[in-house]
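Numbering of ligands and ligand atoms starts at 1, following listing order.
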Amino acid sequence: ELPTADSRIRMRTYVLSEVSSDERSKLLKRPVLKSEEMISKVKPIVDEVRSRGDAALLEFTAKFDKVQLASTVIFPPFAPETMQIDPTVKSAIDQAYINIRKFHAAQVDGEALVVETMPGVVCSRFARPISRVGLYVPGGTAILPSTALMLGIPAQVAGCKEIVLATPPRSDGSISPEVMYVAHLVGASALLKAGGAQAVAAMAYGTKTVPKVDKIFGPGNQWVTAAKMLVQNDTDALVSIDMPAGPSEVLVIADHTSNPAFVAADLLSQAEHGADSQVVLVSVDLSQEKLDHIEKEVDVQARALSRVDIVRQSIAKSIIVKTSSVEEAIAFSNDYAPEHLILHLKNARDNVTLIDNAGSVFVGSYTPESCGDYASGTNHTLPTNGYARQFSGVNTLSFQKHITSQEITFDGLKGLGPVVATLADCEGLEAHAHAVRIRLRASST
Ligand code: NAD
């Protein structure tokens with residue numbers, strides 16, 4: 001059946017030089033996240049798990065995941081029969097593990113930074129792993145062993161002592177063998193069969209059976225995201241989170257050298273994530289013929305996908321922005337700060353220096369986002385919603401923190417002490433000045 005003009009799966013088009021600054025700001029916006037409303041919805045769940053621990057966790061799992069468990073935590077070694085997977089999938093996971101591990105092991109900060117700021121005054125900075133981490137692997141609608149790899153590998157190479165991996169149980173109460181296998185590969189110290197706000201709360205506060213963690217990582221639906229935001233603000237939980245998360249997004253920049261079928265495939269690989277996914281195509285001086293070609297490819301390829309209904313919704317909310325130069329296109333992209341940025345450009349690599357804001361960049365027509373999503377080596381847990389302006393994606397340093405240190409000799413103190421005493425006097429903090437002068441006096445007698 002031929003699509004009618006109305007039923008075509010297509011994006012809205014804007015010419016960047018013709019839109020007003022108000023319209024431009026609207027093009028840069030994502031759908032509003034109702035975070036306050038969600039936080040008030042998850043608060044009762046978080047409070048129950050905090051006060052009643054395992055009993056509440058089991059009740060919420062029965063209610064939301066429709067499975068009555070006797071206990072929620074499994075400890076290693078995991079039984080081999082729970083990790084039985086197709087050999088082809090196993091070797092794909094193994095290759096992804098090798099690549100992601102190679103890239104993340106290279107990021108470990110293992111060497112102290114040592115700087116003598118004045119003679120006899122030595123300052124240093126060194127990294128230590130965050131001791132206990134909680135990794136949330138979503139599991140409501142799909143199994144996501146890739147997310148388990150992306151969170152587990154940096155935790156493992158950073159040297160975190162306890163790695164708690166949480167994921168919702170399936171209807172029979174088990175965890176998918178692919179996720180179990182990855183939990184085993186990354187050396188998880190506990191596996192929590194729970195999802196949503198209740199899993200986040202259990203890891204933030206700890207229960208009799210669930211170990212408390214120091215930092216919680218991972219994507220998830222709005223229940224998970226709101227619970228992470230809530231617990232990070234509770235000083236009793238004393239827990240931090242990786243970053244605020246929102247619906248996934250891609251911005252593709254394409255010029256006349258681009259392959260329309262590849263461009264369309266990249267747009268759709270993002271659009272199939274969910275109805276709230278954001279897809280933006282920024283064209284650089286493209287002929288109408290080429291643009292029509294890309295739009296036709298989007299429509300034809302979308303119709304062949306099993307998730308066509310999701311794609312129809314996300315593509316309807318997506319936009320094409322026409323620009324007349326690479327500079328204009330990248331300036332728009334920098335303002336948008338996309339989670340994923342794909343460059344279908346002649347000399348794509350040369351333009352990377354112009355990029356100021358993006359979660360991860362895919363350079364050239366043979367670099368689909370899918371490779372970074374699964375197995376090239378880079379992480380797929382990235383800042384969304386414009387947070388690429390100030391956040392990095394999850395990386396090995398997300399699992400380490402830095403301690404600074406200083407050591408001063410007596411000669412060093414003779415040089416630095418008067419500076420410190422003067423500043424302490426200036427601020428009226430006598431004891432501070434005294435701590436310096438008492439030493440200088442003691443040694444001069
Ligand atoms: P999920 O694991 O995030 O959520 C499932 C849990 O949500 C359930 O266990 C349940 O406890 C809770 N829940 C569902 N409905 C509820 C309700 N009415 N009240 C209370 N709790 C409820 O799995 P999901 O729902 O499939 O969502 C996965 C999300 O993760 C998607 O939004 C997807 O886009 C995102 N994701 C992002 C990335 C990334 O890297 N950016 C990767 C993978 C997944």
Measuring from atom CG of Asp373 to atom OG1 of Thr147, what distance do you get when rounded to the nearest 0.5 angstrom?
9.0 Å

Using 0.5 Å steps for rounding, measure from the CG atom of Leu192 to the OG1 atom of Thr61.
8.0 Å

What protein heavy atom is closest to [atom], reported as residue, atom name and distance in Å?
| atom | result |
| --- | --- |
| atom 10 (C) of ligand 1 | Phe64 CB, 3.8 Å |
| atom 8 (C) of ligand 1 | Asp65 OD1, 3.3 Å |
| atom 41 (N) of ligand 1 | Glu339 OE2, 3.8 Å |
| atom 11 (O) of ligand 1 | Gln198 NE2, 2.9 Å |
| atom 21 (N) of ligand 1 | Trp223 CD2, 3.5 Å |
| atom 23 (O) of ligand 1 | Gly140 N, 3.0 Å |
| atom 28 (C) of ligand 1 | Pro138 CB, 3.6 Å |

Run the numbers on Phe399 and Phe217 for ring-ring contact (aromatic ring centres under 6.0 Å, His included), then give the verdict.
CA-CA 10 Å; Phe399 293 82; Phe217 296 79; 3.9 Å; yes

I want to know if ligand 1 touches [X] in the polar sense, i.e. an N/O pair below 3.5 angstrom.
| X | answer |
| --- | --- |
| Ser248 | no |
| Ala197 | no |
| His380 | yes |
| Tyr136 | yes |

Has Lys212 got a side-chain atom pairing as donor or acceptor with Ala237's backbone, closer than 3.5 angstrom?
yes

Measure from the side-chain N and O atoms of Glu23 to the backbone N and O of Val19, and report whether any donor-acceptor pair falls under 3.5 Å.
no

Is there at least one protein heavy-atom neighbour under 4.0 Å from atom 33 (C) of ligand 1?
no

Quick check on atom 3 (O) of ligand 1 - does any protein heavy atom sit closer than 4.0 Å to it?
yes

Indicate whether any N or O donor in one side chain lies under 3.5 Å from an N or O acceptor in the other, for [X] and [Y].
| X | Y | answer |
| --- | --- | --- |
| Gln270 | Asp266 | no |
| Asp236 | Tyr205 | no |
| Tyr14 | Arg12 | yes |

List the residues meeting salt bridge (Lys or Arg N to Asp or Glu O under 4.0 Å) with Asp285, not counting sequence neighbours, and say none if there are none.
none

Quick one: which of Asn221, Ile45, Val394, Thr384 has a heavy atom closest to atom 7 (O) of ligand 1?
Asn221

Between Pro168, Ala199, Ala245, Pro219, which one has a non-hydrogen atom sitting closest to atom 39 (C) of ligand 1?
Pro219

Does ligand 1 have an atom under 4.0 Å from some heavy atom of Lys41?
no

4.0 Å heavy-atom contact, Gly274 with ligand 1
no

Could you tell me whether Leu144 approaches ligand 1 through its side chain, its backbone, both or neither, with non-hydrogen atoms closer than 4.0 Å?
side chain

Could you tell me whether Arg303 and Asp299 make a salt bridge, using a distance below 4.0 angstrom between a side-chain N and a carboxylate O?
yes

